[in-house]
Amino acid sequence: MRLTEYPVQGQTVTIHVVETEEDLPAFQEFIYQEQGLLAHDCETTGLNWWDASAGTFHARLWQFGTADESYVIPVEKGLVFQDAARWALRTARRLIAHNGTYDLHVAEECLGIPMEELAPKSWDTKLIAHLVDPRAVKEQGPGLKLEELTRHYICKEIADAVKGSMTVIAAELGVKKADVWPVIPLQHYGFNLYAGMDPILAYRLFKILMPKIPARSRQRGLVPWEHRLAHICAKIERTGYLLDSKYAKEQSEALGREQERWEAVARLHGVENVNSNAQVIKALTEQGAVLTKKTKKGNLSVDDAVLTSIGGPLVEAIIGAKRANKWRATWFDRALAGQDQDGRVHAAINSCQAKSARMTITGAVPAQTLPAGDSYVRHCFLAEPGHVTVSSDYGNMELRVLAAFSGDRRMIGAFQRGLDLHQITADAAGVPRKAGKGTNFVATFGGGWKAIVEQYGVPEVEAKKAVKAFWQTYPGVKRFSDRLQREARRTGYIYTGTGRRIPVDPKRIWAALNYFIQSTSRDITARALIELDRAGYTQYVRVPVHDELVFSFPAEQAEELAAKTARIMEITLKGLLIPVDSEIGGQSWGSVLDLEASKH
DNA sequence: ACGCGGGGCACC
DNA sequence: AAACGGTGCCCCGCGT
């Protein structure tokens, strides 16, 4: 056993590094003592937990700790150490981890503990931190990463040391930082120190953050609710999504050829690198184009709108090459790179991530950013053999949430009678429906007439009229927005419909309404996932996409299951239904879009 | 070599 | 009175 002492907040913490079997009794004694509440963490060879069965991923260290003591177990060394870690995880009555979803996957894949066993007794400091303050570091918030939270709530020096330690080790070993995890010697001093600190920090954060959870959030039950949701998302991650790798490869190659063709054309016109805006600006200026549009930082802009307005063969080549490259790399190559042994891909579903608590879905299935207009990319993702894809989405979710919580009679009445809200707004202003629709959406963002002009291509006169009409037509919405802004000005926060507290920047006070709408809407989808899980449907869920759930259902029961799950998803808020519409497609996700397109 | 900000673009 | 809300990722260019 190797002992290292380290100063934290004026106290000394002790890290015990287990080296041999003889060290294990002391570890077991520690677990017996502290089994009521234990923090844990693991270090692995990479991040692709789904590759464990392929032998290209494994756990190296497993760490357990309290506020001032931790044990580092070298599980890579052999079964006896794995047994010890497994026993400790099973013995603990409550577990704390930071971003514990990951550790649950690793415990399942590498130690054989079903996540269903650990999840009910697990607490995640990332979720708790989000309930306390969801802001990212770049908006002056604490952030959500362990290192960021350590910096904000514990101390800067330790955060810097932890962040810097792996960089130092990588330099020392002469490898890139990203490649250090599988090659660093198991007994490396700095590695064990870094690893041993993590559960200590997580434990301390747990103690610091729990009392800071807003009373209303706690009373409304958000703490267990978010944990339950995170576990459901972990199960969806585990299931993964079947990839049509043949199709993905074909499309990737076709896009690669297209990219090369366009790049050759661009070179003929003097642009070596189409992704270099500096080169593009230089070449276009030399051609005589006059660039006027500026970026946010005041540089010359060469975005799609600018390029399209100039036109010509060079512009065509630049747009074509950039698009082909981005689509190939972002959608097809990313999916192909993430395949497991069974040809499935596993998204990372960050169940509570954005300021509004919206999920983000990253990795091999970036579900929230897949092109929605055509089915080209979504054809990659397949329901199981013999299954079909079903997409169920909420209709007008955000506007209905606004109507329900604002209590605006006219907006509620329009939805209840099945009227066209966009037309109502348009008629009130005497403008085309397009301007009315744009206004309805932009108003919920806190936007003004300029946004409607830019986003919807509506003439300035119409946009101005429509915005004015919106606030006059829906006075309840105005009162609701004003009330939220007053609350935000007075306290710095708003509370959502589910009791979640969201900070509002006083310099952007108009955002209060959108935070309420966006976050409350997110919680409606989250509630659907929880209710579907209770009813046993999680196995069929492939991805959540804000106001939509994508399912893989056995073909012969698809209609029945689609109907049953849609009824579970639906909810009535203050008397107003948030309806769900299900589309039953073929095997691929893309086929649902094709079906919708053919209807129109 | 790496991190990061900026630009651009994919989405709800 | 008006106010564009929330993301992730690819790429470049620059600073360390």
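Note on naming: letters A, B, ... go to the chains in the order of the sequence lines (proteins, then strands), and numbering restarts at 1 for each one. In this text the structure is predicted, and so the values were computed from the model without any measurement.
- Residue Lys177(A) places at least one side-chain N or O closer than 4.0 Å to OP1 or OP2 of dG3(B).
- Comparing dG6(C), dA10(B), dC4(C) by their nearest atom to the side chain of Arg358(A) picks out dG6(C).
- Note: CZ (Phe441(A)) to C1' (dC11(B)) measures 14 Å, nearest angstrom.
- Of the side-chain N and O atoms in Arg508(A), one or more sit less than 4.0 angstrom from OP1 or OP2 of dG5(C).
- The side-chain hydrogen bond (donor to acceptor under 3.5 Å, both in side chains) analysis of residues 298-309 of chain A, with sequence neighbours excluded, yields the pairs Lys293(A)-Asp303(A).
- Residue Gly298(A) is classed as having no contact, given no heavy-atom separation below 4.0 Å to the nucleic acid.
- Backbone-only engagement by Pro371(A) is indicated by non-hydrogen atom pairs under 4.0 Å involving sugar-phosphate atoms exclusively.
- Residue-level contact check: Val467(A) touches neither bases nor backbone, having no heavy atom under 4.0 Å from any strand.
- Within 4.0 Å of Ser521(A), counting heavy atoms only, lies no atom of the nucleic acid at all.
- Closest contact between the side chain of Thr362(A) and the listed nucleotides dC2(B), dG8(C), dG5(C) involves dG8(C).
- Residue Trp449(A) places at least one side-chain N or O closer than 4.0 Å to OP1 or OP2 of dA3(C).
- The same atom, P, is picked in dC4(C) and in dC12(B); the two are 22 Å apart, to the nearest Å.
- Considering only side-chain N and O atoms, Trp327(A) lies under 4.0 angstrom from the phosphate OP1 or OP2 of dA10(B).
- The side-chain ring of Trp510(A) is not stacked on the base of dA3(C), judged by centre separation under 5.5 angstrom and plane angle under 30 degrees.
- Gly448(A) approaches Val467(A) most closely through the heavy-atom pair C-CG2, 4.1 Å.
- Each of Glu548(A), Arg378(A), Glu583(A) was compared with Ser391(A) under the side chain to side chain donor-acceptor pair (under 3.5 Å) criterion, and only Glu548(A) meets it.
- Atom CD1 in Ile517(A) sits roughly 13 Å away from atom C1' in dC12(B) (whole-Å rounding).
- Here the side chain of Lys297(A) is nearest to one of dG5(C), dG7(B), dT7(C), namely dG7(B).
- Within the 4.0 angstrom heavy-atom criterion, no nucleotide atom of any strand lies near Ile361(A).
- Relative to the side chain of Ala372(A), the nucleotides dC9(B), dC11(B), dC11(C) differ in distance, and dC11(B) lies closest.
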Pairs under 3.5 Å (N/O, protein and nucleotides 13-16 of chain C):
{"residue": "dG13(C)", "atom": "OP1", "partner": "Ser276(A)", "partner atom": "OG", "Å": "2.7"}

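- Between Phe480(A) and Phe516(A), the ring planes are perpendicular. Angles over 60° get that label, and only those under 30° would be called parallel.
- Out of dC4(C), dC12(B), dC10(C), the shortest distance to the side chain of Thr330(A) is found at dC10(C).
- Across all strands, Arg334(A) comes closer than 4.0 Å only to sugar-phosphate atoms, never to a base (heavy-atom distances).
- End-to-end axis angle for the helix from dA1(B)-dT16(C) to dC12(B)-dG5(C), using five pairs per end and rounding to 10°, comes out at 0°.
- One can place NZ of Lys326(A) at 13 Å from P of dG8(C), the figure rounded to the nearest angstrom.
- Considering only side-chain N and O atoms, Thr295(A) lies nowhere under 4.0 angstrom from the phosphate OP1 or OP2 of dG6(B).
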